[in-house]
Each structure stands twice: as structure tokens, then as C-alpha cells.
Amino acid sequence: MSDRTFKIFMTLIGAVCSYVVIKRFLAPDSLTLRNALIQGFFVGFGLAVVTIEIFARIKTATINGWVTAFGCGLPGNGMFTRAAHTRIFPGPINVPQEAMYWRTSVDGAGRTLSGKHDYIMHFPPEGLPPNDAFWSLTMADAKERFVANPLNRYLVGDRSGLVANADGSVDVYIQNAAPAGHESNWLPAPSGNFRLWLRAYMPGAAVLDGKYTVPPVVEMK
């Protein structure tokens, strides 16, 4: 579900809950058992969704446009926490010691990522995601689907043959057209809006301690 669709969905839930509450207090005599059960179901469902959204906001941290959450997948998580993590990161969730996730649909300045622009993600020397397994940066369109491209490349990572700069830093070029001379570090983007996922498997201590900062996606002028 896209953010826009989710906002519309939340608005509809709010409208339905407001209608039920107002009708309940203004016309209590017209309330039958059947209507009460139906209204209770919709109000309960709406409150559950709102609670999950509140939990999702509380559990997340946003730095440089990247959203992450600590404690995903822990066995002791309650029902609402698990639901909140599913809202933030759809799909399988591991415990932090196995994998950490970050996602973004905006650049470092908060502007929506779009294939109409060219971007660069600069990892400083020794600034790649620390891990004891592997890391990956995955491209998806606005509907969370892989992006078809001439290279059939849907992600880059430590197994992609990225070429480092002379100082040991690494630049990933995120754009629709191939960057001349930097094809090895190119993550192809669609022509429209897109989002990115960064994953680190068996992350290092800096990630688990919250000390690692994912660099922003910067629009190239």
C-alpha cells in the first residue's frame, strides 16, 4: 500500500468512526443490537489501525531521509508492535542480530525520489554498512515492484563489483540513464517515482548500537 493510499484509507476510517460516534450519541434510541455489533466492529477496526499507525511512528527513527526501526522481530514483541513493524517493513522481519533494514522514498532534502532526476549515494571510506554476512541496496518502484532495466540489475551491494574511489569511498549512482564511466556502480531507476531499501545481514556492532548512519541520497545538479 502506497503512502497516498494509506492516507486516504486512514481518512475514511476516521470519517466512519466519527459518523458512528456522533450517531450513537445523537440518536441512541435508533440503535439496534445488529447495528450496535456492526458499528462496534468498524469502530474497533478503525481504532486498531490508528493504534498500529501510532506505534509505527513511535518505533521508527528517520535520519537523512532513511526510516528504520530497532527491535524488529524480537520474540517478546506484542501484537501491536509486530503489526507496526509490518506496516513499516512489509515482508519477513528478522531479529536485529540477523538483519537490519532501512527504507526511503525521499532524498536527503526530503524531496520524493524520481527517475526524472539523477542521484548519488556517497559512502565515505570505511562507511559501507558493517556486517558479517552481506549488505544490499535494492531498487523498487512506487508499488514496491522490481524495476525492469537493460542490465537486469535490481540491487547493488558488496557482491556487485562496486568500484571504490581513490580514497576508499564508494559512490552509487541512482538514475534512469546509465552514468557514463560509472556503469559498475549504477543502480537503474524507473522513469517515475521509486523507493530504496538498504539491508545489512548479520550487522556489525555499530549498526546494532545505533551508531551507524546511512548516508543521504543526494540529487546531482
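Residue numbers count from 1 along this sequence.
- The shortest side-chain heavy-atom distance between Arg159 and Phe134 falls under the 4.5 Å cut-off.
- In this structure, Asp209 contributes its side chain and Lys211 its backbone to no donor-acceptor pair below 3.5 Å.
- Residues Pro179 and Asp118 form no side-chain contact, since every pair of their non-hydrogen atoms from C-beta on lies 4.5 Å or further apart.
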For this session: Any chance you could lay out the ring-ring contact (aromatic ring centres under 6.0 Å, His included) test for Phe123 and Trp135, step after step, and finish with the verdict?
Result: CA-CA 13 Å; Phe123 292 92; Trp135 68 271; 5.7 Å; yes
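- Looking only at side-chain heavy atoms (C-beta outward), Asn131 and Asp158 come within less than 4.5 Å of each other.
- Judged by distance alone, the side chain of Asn185 and the main-chain N or O of Val163 form a donor-acceptor pair under 3.5 Å.
- At a threshold of 4.5 Å between non-hydrogen side-chain atoms, the residues Val207 and Pro130 count as touching.
- In summary, the side chains of Asp171 and Asn165 do present a donor paired with an acceptor at a separation below 3.5 Å, with no hydrogens or angles considered.
- Through direct or indirect side-chain contacts shorter than 4.5 Å among Ile, Leu, Val, Met, Phe, Trp and Tyr, Tyr154 is connected to Phe146.
- Tested against Val156, the residues Leu137, Thr138, Val170 include a single side-chain contact (heavy atoms from CB on, under 4.5 Å) partner, Leu137.
- Between the OG atom of Ser169 and the NE2 atom of His122 there is a distance of 4.0 Å, given to the nearest 0.5 Å.
- Panel note: side chain Trp66, backbone Pro215; a donor-acceptor pair is recorded below 3.5 Å.
- A distance of 9.0 Å separates CE of Met121 from CG of Asn64, quoted to the nearest 0.5 Å.
- By the 4.5 Å heavy-atom criterion applied to side chains, Leu113 and Thr104 are counted as neighbours.
- Side-chain contact check for Tyr119 versus His117: some heavy-atom pair is nearer than 4.5 Å.
- Arg195 has its side chain within reach of Glu144: a pair of non-hydrogen atoms, C-beta onward, lies under 4.5 Å apart.
- Checking side-chain atoms of Thr68 against main-chain N and O of Tyr101 turns up a donor-acceptor pair under 3.5 Å.
- Looking at Val217 and Ile174, their side chains come closer than 4.5 Å, going by heavy atoms from C-beta outward.
- Note: Glu219 CD to Gln175 CD = 11.5 Å, rounded to the nearest 0.5 Å.
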